[in-house]
Amino acid sequence: MMTTHIEFPFAPRPPAEAVEHLRRLMADRPMTKVTMPYGGDVWIVHRNQAARQMLSDRRFVREPFRTGEREVPFFVPFPDFLRTTLQFEDPPQHTRLRKLVQKAISPRRVRDMRDSAVAFANELIDGMIARGGVRNLVAEYAVPLPIEMLSSLLGVPSSDREKFERWSSSTLSVAGKSEQEIAADMGELAAYMTDLIAKRRAEPRDDLLSSLAHAHERDETLTDAEILPIAFLLIVGGFDNTANFLTTGVLSLLRSDEQRELFLTDPDALAPTAAEEVLRHGAFMMGGPVGGGGGLVPFVATEDVVIDGQLIAAGEAVSMDPGAANHDPGVVPEPGRFDITRTDNPHLMLSYGMHHCLGAPLARMELQVGMAEIFKRLPQLRLAGEPVVRHDVLTQPMTDLPVTW
């Protein structure tokens, strides 16, 4: 039976209640108009198929946000520098830049990087074992692993990864750092990357920056001003989000004895499906209440568009709530169940269509390797305290996950 007036966004509640609330919400309507704390109103799409339709429709663009004509409707002030990155471009420029980056982050390159990811993960685990006691899995494992991989992909010396971490944390802060401090960090990052791009133009290597710096050799000229935002986006999204996924994955397995025991039977074989289930449902496994309302970067409708029976008028903003779309009972059987063997997993955590996450192959590989190696080496891994999540940063990262074995 159809219900009405289902609250959205909704306050945090136990995960099972949140899943049930989302089920009633999606039975009631495909989307909800929400007034954000910043940037005004935005339609938030809940249903999985409606979200896919919206994300595939080129009548939804981000240009008004990129140019500054419109403030991004969001829960926190959206960092200005992110509006200069590839995710705010529309076709044809978006298509052109994305094609070049995809060549450099190809599945083949990611496969070639897997052995080095396994080796580095084990170096990090060796260090944790040597130090013993209670270790912070975030600082000692989940963050260093993707930074090392990103450094390798971009061609940045791994010795500079601490600087990358500081710069990235600064750019995503929405509290705690002054505008002057953020500007200083961004200036350092821009100067460093500009210098590195110049070096790769002069002496190319087998890395992403070299590939982008020499794109003109294939009749596709890229300027430094185009390369820099691509590098920024990869630096910020390439380790922060992946580190979050990895900590969430480990914590999800630590919270579920049944699924952890299953995973331990063959971590390498189960890592691919486990990783997808972590992306879909991991936030609901962290042990705390779950709220509703999270959305991807919004779009603006260039004309009236009807999706799943709902009119989105020209000029209105629209986004997608992956938390809802990932728990749509119309496409996910038993969406409230954490099942690391789930093979049909149409989650939208990495978006969809032309805005599907550029680094998805790399993020998936790192998540699979990171989860498999830690549990292979430390099958007795267990929590040694409660995780700490930082809420004053856009991505709300976990900063402390105390573990022992």
Side-chain angles (χ1 to χ4, degrees), residues 37-39 62 65-72 74-89 97 101 136 138-140 142-202 207-210 212-213 222-244 297 358-359 388-400:
Y38 301 88
R62 286 176 172 160
F65 303 134
R66 179 172 55 80
T67 61
E69 175 190 335
R70 291 270 295 270
E71 183 180 7
V72 180
F74 217 68
F75 300 95
V76 296
F78 214 84
D80 283 343
F81 89 96
L82 281 177
R83 291 190 292 105
T84 69
T85 60
L86 179 59
Q87 65 180 327
F88 278 86
E89 293 285 355
L97 294 176
V101 180
N136 177 3
V138 179
E140 299 182 50
V143 167
L145 178 60
I147 292 179
E148 177 73 10
M149 293 300 99
L150 185 66
S151 298
S152 171
L153 178 72
L154 285 172
V156 176
S158 59
S159 57
D160 289 335
R161 66 183 181 220
E162 287 185 16
K163 288 189 283 190
F164 273 119
E165 188 176 350
R166 187 182 81 243
W167 290 328
S168 178
S169 298
S170 173
T171 60
L172 289 178
S173 294
V174 292
K177 277 208 173 189
S178 69
E179 289 185 16
Q180 291 84 356
E181 287 174 315
I182 294 173
D185 282 347
M186 288 303 298
E188 287 180 31
L189 177 56
Y192 178 88
M193 295 306 297
T194 300
D195 180 60
L196 196 59
I197 291 166
K199 290 177 180 175
R200 294 298 180 261
R201 283 200 198 279
D207 56 46
L208 177 63
L209 286 185
S210 296
L212 295 177
L222 275 186
T223 65
D224 286 9
E226 290 174 316
I227 298 172
L228 208 52
I230 293 172
F232 276 17
L233 182 61
L234 290 169
I235 289 165
V236 175
F239 87 78
D240 194 74
N241 286 329
T242 306
N244 281 348
V297 178
L358 264 175
V388 176
V389 176
R390 185 174 173 186
H391 294 286
D392 65 340
V393 173
L394 185 65
T395 52
Q396 300 198 356
M398 205 183 301
T399 56
D400 191 2

Q: Could you tell me whether the side chain of Leu209 reaches within less than 4.5 Å of the side chain of Met193, counting heavy atoms only?
A: yes
Q) For Met149 and Leu153, what are the C-alpha separation, side-chain angles and deciding distance, and is it a side-chain contact (heavy atoms from CB on, under 4.5 Å)? A) CA-CA 6 Å; Met149 293 300 99; Leu153 178 72; over 6 Å; no
Q: Hey, could you give me the CG/OG1 distance between Leu189 and Thr194, rounded to the nearest 0.5 Å?
A: 9.0 Å
(Q) If I take atom CD1 from residue Ile227 and atom CD1 from residue Ile197, how far apart are they, to the nearest 0.5 angstrom? (A) 5.0 Å
Taking all non-hydrogen atoms of both residues, which atom of [X] and which atom of [Y] are closest, and how far apart?
X      : Y      : answer
Tyr38  : Glu71  : CB-OE2, 3.5 Å
Pro146 : Ala243 : CG-N, 4.1 Å
Pro144 : Ala139 : CG-O, 3.2 Å

**Q.** Listed partners of Gln180 passing side chain to side chain contact (heavy atoms under 4.5 Å, CB included), at least two apart
**A.** Ser178
Q: Report the residues that fulfil side chain to side chain donor-acceptor pair (under 3.5 Å) with Arg70, sequence neighbours left out, ordered by chain and then residue number.
A: none
By salt bridge (charged side-chain N to carboxylate O under 4.0 Å, His left out), which residues pair with [X], not counting sequence neighbours?
X      : value
Asp160 : Lys163
Arg200 : Asp207
Glu140 : Arg131, Arg135
Glu188 : Arg166

Q. Checking side-chain contact (heavy atoms from CB on, under 4.5 Å) for the pair Asp400/Val138: CA distance, chi angles, key distance, verdict?
A. CA-CA 6 Å; Asp400 191 2; Val138 179; 5.6 Å; no
Q. Is a donor on one side and an acceptor on the other found under 3.5 Å between the side chain of Ser151 and the backbone of Ile147?
A. yes
